[in-house]
There are 2 protein chains.
Amino acid sequence: MLRLSKKTDYGLLALQYLATEAPAGVASARTIAERYDIPVELLAKVLQHLARLGFVAAQKGVHGGYHLARPARAISLAEIVEAIDGPLAITACGRRDEQCEQFGTCTVRDPLSRVKDQIFSVLQTMTLAELTPDEHAIPIVVRGRGEAGSGAPVEAR
Amino acid sequence: MLRLSKKTDYGLLALQYLATEAPAGVASARTIAERYDIPVELLAKVLQHLARLGFVAAQKGVHGGYHLARPARAISLAEIVEAIDGPLAITACGRRDEQCEQFGTCTVRDPLSRVKDQIFSVLQTMTLAELTPDEHAIPIVVRGRGEAGSGAPVEAR
DNA sequence: CTAACTCCGACCTGATTAGTCCTATATTAG
DNA sequence: CTAATATAGGACTAATCAGGTCGGAGTTAG
């Protein structure tokens, strides 16, 4: 369905949090996970991956956490998506993928590849800094994991 | 990975075949499947689906098959993709999907929705007619299902 | 030193997708 | 009429991948 994985969703949320909300630009995986109510371990894995690829830097220990290793304006959505979901591809096979069973007979490969390029450029144009919604456009709704009002309340800022 | 499903791939191939290669614009599921070396039953199901939605018209019987029910120039890629893969969505939840666990706390929903709209317009702009590669740009390579030369040979036109 | 907190990386599981099989119905050639 | 060929459509199985979990190693406060 042309969908991003949840890992990528979580990664975008985390990076956006580090870029705009985190005090001093630093936050632990736990803090971010609780902020957005997503599984801690899963987000941790995503952040680890982003650390290995140089998007964020990790600091172990008691007051450790992650912070952006590069300025938000210099990180495009395309980079993030490719980092987590792997190389952007519309079809199963690439333009030069001779492994593909249908390589010789396929007649839509090249046109679809052009479509891919266009989509890629959309993602490449938008940076992490632009991912921030307008302040007044954020509808904060109190909503617990299960029933509304149960568990740790979500802070409306 | 932001990928189209194989069903959609097959659907695009089939529609493109009907639009440009099929004699008199008519071809059976079997013919198309053999042309591109893809599973017959699977392609048949995709074509049945496209028939139900009015993209192609079916003719049963000995010299039956499918033909386009609408002109190729009037069918956008977006339509085809949504017909087979379902509504286009970048993220798991929609812009107004209050069912989403993170609806209240999510800060990337609206910006990502704008990205989705851009991608959608790319797909909406391109029609089936434009999916055809230039004649001289089609590299026809003889390639059987297993080893080269085995099984039914692929006809180079 | 020790305990609390953090990142790290391998593992498991369940949902989605791809592909197969079988039966029914319609049309046409002979 | 009958056989061959075509679509129609449901049910089933297999493979793949995303989502989620577990135990371990490093770092720092006290």
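Every heavy atom of this structure was used, including side-chain atoms; hydrogens, water molecules and symmetry mates were not. Every chain is numbered from 1, with letters handed out A, B, ... down the list of sequences.
Taking the ring centre of B:Phe55 as origin, the terminal cationic atom of B:Arg70 falls inside the region bounded by 6.0 Å and 45° from the ring axis.
OP1 or OP2 of D:dG9 sits under 4.0 Å from a side-chain N or O of B:Arg52.
In this structure, CG of A:Leu53 is placed 12 Å from P of C:dG9, rounded to the nearest angstrom. At whole-Å resolution of the value, NZ in B:Lys7 and P in C:dT20 are 13 Å apart. Taking atom CZ of residue B:Arg3 and atom P of nucleotide C:dA18, one finds them 8 Å apart after rounding to whole Å. One interatomic measurement links the two molecules: CG of B:Asp85 to P of C:dT16, which rounds to 14 Å at whole-angstrom precision. Spacing between atom CG of A:Leu42 and atom P of D:dT21 amounts to 9 Å, rounded to whole angstrom units. Residue B:His49 contributes atom NE2, which lies 13 Å from atom P of C:dT17 at whole-angstrom precision. B:Leu43 places its CG atom 13 Å from the P atom of D:dA6, with the value rounded to the nearest Å. One can place CG of B:Leu4 at 14 Å from C1' of C:dT17, the figure rounded to the nearest angstrom.
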Quiz item: Checking side chain to side chain donor-acceptor pair (under 3.5 Å) for the pair A:Thr91/B:Asp9: CA distance, chi angles, key distance, verdict?
Solution: CA-CA 7 Å; A:Thr91 53; B:Asp9 275 3; 5.3 Å; no

Exercise. Start with the C-alpha distance between B:Lys45 and B:His49, add both sets of side-chain angles, then the distance that settles side chain to side chain contact (heavy atoms under 4.5 Å, CB included), and finish with yes or no.
Key: CA-CA 6 Å; B:Lys45 241 192 329 205; B:His49 190 69; over 6 Å; no

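Nearest heavy-atom pair across B:Ala57 and B:Ala69 is N-CB, 4.0 Å.
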Kindly give the atom pairs (protein nitrogen or oxygen, nucleotide nitrogen or oxygen) under 3.5 Å for nucleotides 24-30 of chain C.
residue : atom : partner : partner atom : Å
C:dA26  : O4'  : B:Lys60 : NZ           : 3.4

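Looking at the side chain of A:Tyr10, the nearest of the listed nucleotides D:dG20, D:dA6, C:dC8 is D:dG20. Distances were taken from every side-chain heavy atom of A:Lys6 (C-beta onward) to each of D:dG19, C:dT6, D:dA8; the shortest belongs to D:dG19.
Every residue was checked against the salt bridge (charged side-chain N to carboxylate O under 4.0 Å, His left out) condition with A:Arg52, not counting sequence neighbours, and none meets it.
At a cut-off of 3.5 Å, with distance as the only test, no side-chain donor of A:Gln124 or A:Ser121 sits close to an acceptor on the other residue.
Across all strands shown, A:Ala44 has no heavy atoms under 4.0 Å from either base or sugar-phosphate atoms.
Electrostatic pairing of A:Arg73 and A:Glu130 does not count as a salt bridge here, judged by no charged N lying under 4.0 Å from a carboxylate O.
Place B:Ser28 and A:Glu41 on DNA chain D by their nearest nucleotides, and B:Ser28 ends up nearer the 5' end.
Side-chain atoms of B:Lys45 come within donor-acceptor range of the base of C:dT20, with a qualifying N/O pair under 3.5 Å.
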